[in-house]
2 protein chains.
Amino acid sequence: MTQTRTTRLERGRAALGPALELVHTGRAPTRAVLTAELGVTRATAGAVAAELEALGLIQVDARPTAAAGSQGRPSHRLSVAPDGPVVLAAQIHADGYRAALVGLGGRMVATAPGCMTVPADPSHIIDAVVEAGAALLADSGRPCLGAGLAVPSAVAEPDGTALNPLHLSWPAGAPVRDLFTRALEKAGLRGPGGTPLTGVAGNDVNLAALAEHRHGAGRGARHLLCVATGHRGVGGALVLDGRLHTGSAGLALEVGHLTVNPAGLPCHCGSRGCLDVEADPLAFLTAAGREPGPSGSLLQQSRELLRTEYADPTVRAAAERVVDRLGLGLAGLVNILNPDRVVLGGLHRELLEADPERLRAVVADRSLWGRSGSVPILPSTLDHNSLVGAAEAAWQPVLDDPLAALG
Amino acid sequence: MTQTRTTRLERGRAALGPALELVHTGRAPTRAVLTAELGVTRATAGAVAAELEALGLIQVDARPTAAAGSQGRPSHRLSVAPDGPVVLAAQIHADGYRAALVGLGGRMVATAPGCMTVPADPSHIIDAVVEAGAALLADSGRPCLGAGLAVPSAVAEPDGTALNPLHLSWPAGAPVRDLFTRALEKAGLRGPGGTPLTGVAGNDVNLAALAEHRHGAGRGARHLLCVATGHRGVGGALVLDGRLHTGSAGLALEVGHLTVNPAGLPCHCGSRGCLDVEADPLAFLTAAGREPGPSGSLLQQSRELLRTEYADPTVRAAAERVVDRLGLGLAGLVNILNPDRVVLGGLHRELLEADPERLRAVVADRSLWGRSGSVPILPSTLDHNSLVGAAEAAWQPVLDDPLAALG
DNA sequence: CTATTTTGTTCAGCCGCGGCACAAAGTGAG
DNA sequence: CTCACTTTGTGCCGCGGCTGAACAAAATAG
């Protein structure tokens with residue numbers, strides 16, 4: 001037998017992927033910075049940039065803008081290609097869906113929301129969101145390199161099934177990844193060269209964390225912990241060295257069942273006082289003595305209450321109660337994960353902004369050492385971060401190996 | 001200025017490090033397997049193996065043993081060099097210290113225990129263990145490539161200071177890494193070419209996890225969670241894709257303050273019913289109604305009790321109580337980290353072996369999905385795993401880049 | 001003993017990349 | 001404006017690691 005081996009996909013320029021990621025995340029605004037970040041010679045960086053430009057992924061400005069106050073020849077500016085390829089991002093939430101086209105750099109090119117009560121059969125809404133995305137794509141005329149789907153449920157790997165669609169009526173174990181891929185096929189969406197698109201699916205909080213890490217409040221963090229709450233329950237996510245940590249089966253960071261109030265409310269998990277039932281919008285509304293509305297509007301209702309009636313002592317006390325519980329949960333997570341940054345989303349973001357010091361104090365107090373307790377806790381900064389995160393997941397193969405993904 | 005750049009340490013054969021690691025961990029018993037694992041051609045694998053042999057790190061058997069039941073030319077066998085270089089491993093525990101020389105493959109070449117009450121000044125005992133190691137080294141006549149120290153405390157990065165020497169009388173923030181390095185210098189230990197040795201220091205449970213992952217019960221796991229208890233308190237560690245996850249400041253996996261018994265004993269952290277006070281040897285002895293002995297012997301005392309009097313209903317009930325608490329803590333960790341294997345050390349190992357089903361049932365019951373709950377829970381299998389782990393940490397630079405570490 | 005299978009070895013050639021020299025494009029001093 | 005200086009871009013050469021292929025070696029099967 002003549003000598004065969006596994007095809008080396010990373011063939012060609014090894015620095016192509018890292019270089020694209022640097023431009024994508026805005027960490028390489030010029031070719032000079034790119035050279036330094038990659039740790040290669042200027043010659044190599046130049047060749048890499050030229051190759052990425054030839055692939056239509058980035059743009060190298062021929063007319064470099066002079067950097068103020070610095071001497072020497074100004075470096076060429078790098079940016080993502082303004083009319084380059086996009087990926088299809090889709091999100092399903094309690095109120096309906098949203099489709100979007102997202103280019104490199106997290107730029108949302110087009111977006112289309114859709115309201116509907118989520119039906120028991122996940123394939124219907126997945127088909128709907130993909131069709132909306134296909135329409136956007138047809139309008140834009142730009143090539144599509146991938147597709148990502150965010151769902152409000154844990155997604156098991158490697159099968160891509162939704163395990164706990166808590167506030168959806170989906171059956172447990174719905175094969176959302178495969179349904180998504182099939183919907184892409186049905187909608188006639190194709191990748192470069194007519195190859196079929198393979199969809200990726202993930203938990204919305206996980207994907208939001210990825211987006212915040214690349215383009216939002218988590219930028220530059222080595223170990224980023226995100227915690228967020230939508231309508232019911234609390235989700236977590238961890239980004240380690242730029243990669244989402246989903247655990248061995250995609251089930252990591254199920255933080256909802258940390259005990260934060262030993263004498264608290266019973267939880268469906270069998271315990272009492274879990275974060276899930278002590279620090280979500282429903283808990284806030286209940287503590288404030290308000291009648292919770294329909295489950296798909298709990299977040300809006302809570303935000304409204306927080307914004308308009310925070311002066312009311314009852315509301316304020318309810319907020320502080322939730323913040324204290326959340327702080328206990330965060331302290332536990334900080335002790336276990338020791339992140340260098342924490343970003344809060346959903347209602348937790350508003351609660352943090354309402355009283356940043358209280359939450360930070362609780363976390364610092366219950367963390368084991370001042371050092372780990374002094375971790376910065378920031379509100380999320382991206383709109384539609386789950387959607388952008390779904391796009392990030394879809395971009396990943398391109399970032400890992402641009403040649404293979406486009407060739 | 002002529003073009004300079006950061007020296008590319010990984011210059012030369014890029015596959016040298018991975019190849020050494022494969023032999024080191026026993027995953028490349030033959031050159032043919034090495035070829036497949038590295039994903040290179042036979043020619044390259046041959047060159048790499050020859051180079052590692054020339055460096056004195058591995059041995060390539062000229063007379064390959066025929067593999068039974070397979071055709072074709074038998075492949076050369078690979079093994080670590082029997083008289084190759086070693087690293088110095090040191091451990092400090094409640095009863096004293098232990099020094100050892102450890103070769104590649106986790107082979108303990110020589111070891112020397114030392115009993116002493118740990119003095120308040122950490123430099124004394126660190127000097128003592130290094131001197132013991134230096135004596136072993138002089139006897140062996142083998143070159144020393146590194147040194148690692150395991151301490152029963154969290155070690156903060158990047159400064160290498162011991163933060164919570166719980167059952168030692170050390171001051172908080174003792175610079176153990178620097179004290180260790182200085183002791184190595186004082187003892188006249190030198191690396192290849194007379195370069196000074198830089199010591200590495202780590203938490204004993206963290207290092208034990210590393211050892212179990214490379215050579216023990218954790219072999220092959222992608223996400224390995226280790227939990228162990230020595231005399232007081234509970235420690236945890238996580239190995240992700242072969243690397244220890246120590247968090248952004250070395251403080252990750254401080255699992256001792258997970259709440260596992262809301263109505264439990266008060267803990268110095270301010271909460272009640274923490275894992276630290278509910279699932280350590282002291283908790284077991286107390287629950288069994290025994291008078292705890294001196295703090296440095298709690299583990300022995302507990303083991304003794306478990307082995308000789310497990311038939312006693314009081315002892316058994318105490319064990320089950322601790323197992324139940326431990327199970328709650330493990331379930332919480334499994335929900336957050338979703339490892340694909342759990343390894344228990346110290347007294348937890350004996351408790352697991354006494355009644356494997358009970359612990360597994362508790363974990364499965366409190367894990368969110370059967371899938372993550374069905375994670376295998378195994379007892380540790382290595383003797384002196386913290387010591388071997390200290391050696392692993394010391395070997396790491398060599399495994400990462402053999403040429404740079406030896407050149 | 002021959003055919004087959006699997007592995008080791010040698011060698012030529014490609015190609016990525018470093019190093020260098022030089023050009024280009026800016027700032028600042030006089 | 002000119003000149004010195006600094007920083008960046010580009011073309012070219014050469015090294016060296018790695019692939020690919022042909023060939024040799026060492027075992028088993030029949």
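In this structure, Asp61(A) places its CG atom 15 Å from C1' of dT8(D), rounding to the nearest Å. As rounded to whole Å, 13 Å separates atom P of dT8(D) from atom CZ of Arg77(A). Rounded to whole angstrom, the span from the CZ atom of Arg13(A) across to the P atom of dG18(C) amounts to 10 Å. Remark: C1' of dA23(C) and NE2 of His76(A) are 13 Å apart, rounded to the nearest angstrom. Atom-to-atom, CG of Leu34(B) to P of dT9(C) comes out at 13 Å; the value is rounded to the nearest Å. Protein atom CG of Asp401(B) is 13 Å distant from nucleotide atom P of dG17(D), rounded to whole Å.
When each of dT6(D), dG8(C), dA29(D) is scored by its nearest atom to the side-chain atoms of Gln71(B), the top-ranked nucleotide is dA29(D). Picking from dG9(D), dA24(D), dG26(C) the nucleotide with the shortest atom distance to the side chain of Arg73(B) gives dA24(D). Among dT10(D), dT8(D), dG8(C), the nucleotide with an atom closest to any side-chain atom of Arg31(B) is dG8(C). Here the nucleotide nearest the side chain of Pro74(A), chosen from dT7(C), dG26(C), dG9(D), is dG26(C). Counting only heavy atoms from C-beta on, Ala43(B) has its side chain closest to dT19(D) among dT19(D), dG17(D), dA29(D).
Each of Val48(A) and Gly72(A) was matched to the nucleotide of DNA chain C holding its nearest heavy atom; the match closer to the 5' end belongs to Val48(A).
When the side-chain nitrogen and oxygen atoms of Thr30(B) are compared with OP1 and OP2 of dT7(C), none of them lie within a distance under 4.0 Å. Distances shown here put every side-chain N or O of Ser70(B) at or beyond 4.0 Å from the OP1 or OP2 atom of dT28(D). At dG18(C), one or more side-chain N or O atoms of Thr41(A) fall inside 4.0 Å of OP1 or OP2 (strictly under the cut-off).
Scored by the side chain to side chain contact (heavy atoms under 4.5 Å, CB included) test, Leu406(B) finds Leu55(B), Leu57(B), Leu145(B) as partners (sequence neighbours excluded).
With no hydrogens or angles considered, no side-chain donor-acceptor pair links Ser140(A) and Arg142(A) at under 3.5 Å. A side-chain N or O of Glu392(B) and one of His215(B) form a donor-acceptor pair less than 3.5 Å apart.
Side-chain rings of His245(B) and His223(A) approach one another, their centers coming within less than 6.0 Å.
Val87(B) has its side chain out of reach of Leu101(B): every pair of non-hydrogen atoms, C-beta onward, lies at least 4.5 Å apart.
The base of dG9(D) is paired with the side chain of Arg42(A) by a donor and an acceptor separated by under 3.5 Å.
Using a 4.0 Å heavy-atom cutoff across all strands shown, Thr44(B) reaches at least one base atom of the nucleic acid.
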